Amino acid sequence: GFSLALARPFGIAGVAMGTLIGAFLVRIAFQPWWVCKVSGLHYADYMKFLGGTLLRCACVASAAIGVVAWGLKPNYLWLVASAVGATAAYAAGSWLVVFNQQDREWLLGALRGQKKREAVEPVSVAAAAQ
């Protein structure tokens with residue numbers, strides 16, 4: 001509906017904006033609300049956890065872009081070097097800032113080929129945020 005409403009005044013950019021608006025409403029507002037309702041999680045705790053994670057990811061992404069901005073030149077070699085550098089910077093930043101200790105241990109186990117995941121007691125979103 002948003003895409004159709006924005007198509008006439010803005011053209012293809014309006015279709016893209018309408019798709020973005022619809023996806024945002026579903027993925028950020030409605031879907032988390034419904035999942036929280038069904039699972040018994042508190043919506044405010046979930047959104048606080050999500051907001052904190054998104055903020056940390058945005059900061060790491062901004063830092064990674066800032067570190068490799070030198071590679072944004074009209075040359076494929078520089079572009080590839082910049083992309084590799086940004087990926088490495090984002091991965092390192094995520095490891096340090098976004099992942100918690102349990103996430104790091106699980107990822108290391110997966111990289112080592114440990115297929116078994118230990119059973120963990122379910123944790124609420126509020127407890128995971130701490």
Side-chain angles (χ1 to χ4, degrees):
F2 291 114
S3 293
L4 292 174
L6 295 173
R8 184 168 295 249
F10 298 107
I12 193 68
V15 173
M17 286 188 297
T19 303
L20 178 66
I21 292 168
F24 178 82
L25 290 175
V26 169
R27 300 270 181 337
I28 302 298
F30 178 71
Q31 189 175 13
W33 172 80
W34 183 257
V35 169
C36 288
K37 180 180 177 183
V38 170
S39 66
L41 292 171
H42 293 284
Y43 183 74
D45 291 338
Y46 177 82
M47 292 309 282
K48 181 179 175 184
F49 177 76
L50 177 66
T53 302
L54 289 176
L55 180 64
R56 289 191 303 272
C57 287
C59 289
V60 170
S62 298
I65 290 169
V67 166
V68 298
W70 53 265
L72 299 177
K73 298 178 183 177
N75 179 320
Y76 284 118
L77 180 61
W78 283 99
L79 185 63
V80 170
S82 176
V84 169
T87 301
Y90 187 80
S94 294
W95 184 263
L96 296 171
V97 178
V98 178
F99 294 158
N100 62 26
Q101 185 63 33
Q102 184 181 10
D103 293 337
R104 290 185 202 121
E105 290 172 5
W106 181 84
L107 183 59
L108 285 175
L111 292 174
R112 290 183 187 129
Q114 298 172 349
K115 294 183 181 182
K116 244 187 200 181
R117 185 169 182 179
E118 295 179 22
V120 293
E121 191 172 316
V123 180
S124 71
V125 173
Q130 295 176 354

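In this text, all values refer to a predicted model and were calculated from it rather than measured experimentally.
Here the straight-line distance linking atom CD1 of I28 with atom CG of L54 works out to 6.5 Å at 0.5 Å rounding. Taking CH2 of W33 as the reference point, atom CG of L41 lies at 14.0 Å (rounded to 0.5 Å). Rounding to the nearest 0.5 Å places CG of N100 at 12.5 Å from CH2 of W106. Interatomic distance, T19 OG1 to F24 CZ, rounded to the nearest 0.5 Å: 15.0 Å. With rounding to the nearest 0.5 Å, the separation of CD in E105 from CG in L107 is 11.0 Å.
Nearest heavy atom pair, residue C36 against residue Y46, reads SG-CB, 3.6 Å. Heavy atoms only, all atoms of each residue included: R104 and L96 are closest at NH2-O, 3.4 Å. Residues A86 and A64 approach most closely at O-CB, 3.8 Å, considering heavy atoms. Residue L25 comes nearest to F2 through the heavy atom pair CD1-CE1, 3.6 Å, listed as atom of the first residue, atom of the second, then distance. Of all heavy-atom pairs between A7 and V15, the closest is CB-CG2, 3.7 Å.
Cluster annotation: I21 and I12 are assigned to distinct hydrophobic clusters (Ile/Leu/Val/Met/Phe/Trp/Tyr, side-chain heavy-atom contacts under 4.5 Å, transitive). Connection of V97 to L55 is not established within any shared hydrophobic cluster, with ILVMFWY side chains joined at heavy-atom distances below 4.5 Å, either directly or through further cluster members. Follow the hydrophobic side-chain contacts under 4.5 Å out from F10 and you never reach L20; the two are in separate clusters. V38 and V26 fall into different hydrophobic clusters, where Ile, Leu, Val, Met, Phe, Trp and Tyr side chains are chained together by heavy-atom contacts under 4.5 Å. Clustering ILVMFWY residues whenever any of their side-chain heavy atoms sit less than 4.5 angstrom apart, transitively, puts M17 in a cluster other than the one holding L4.
Note on ring orientation: taking the six-membered ring where Trp is involved, the planes of W34 and F30 are parallel (angle under 30°, cut-offs 30° and 60°).
Judged by distance alone, with hydrogens and angles left aside, the side-chain atoms of S82 form no donor-acceptor pair with the main-chain N or O of W78 at under 3.5 Å.
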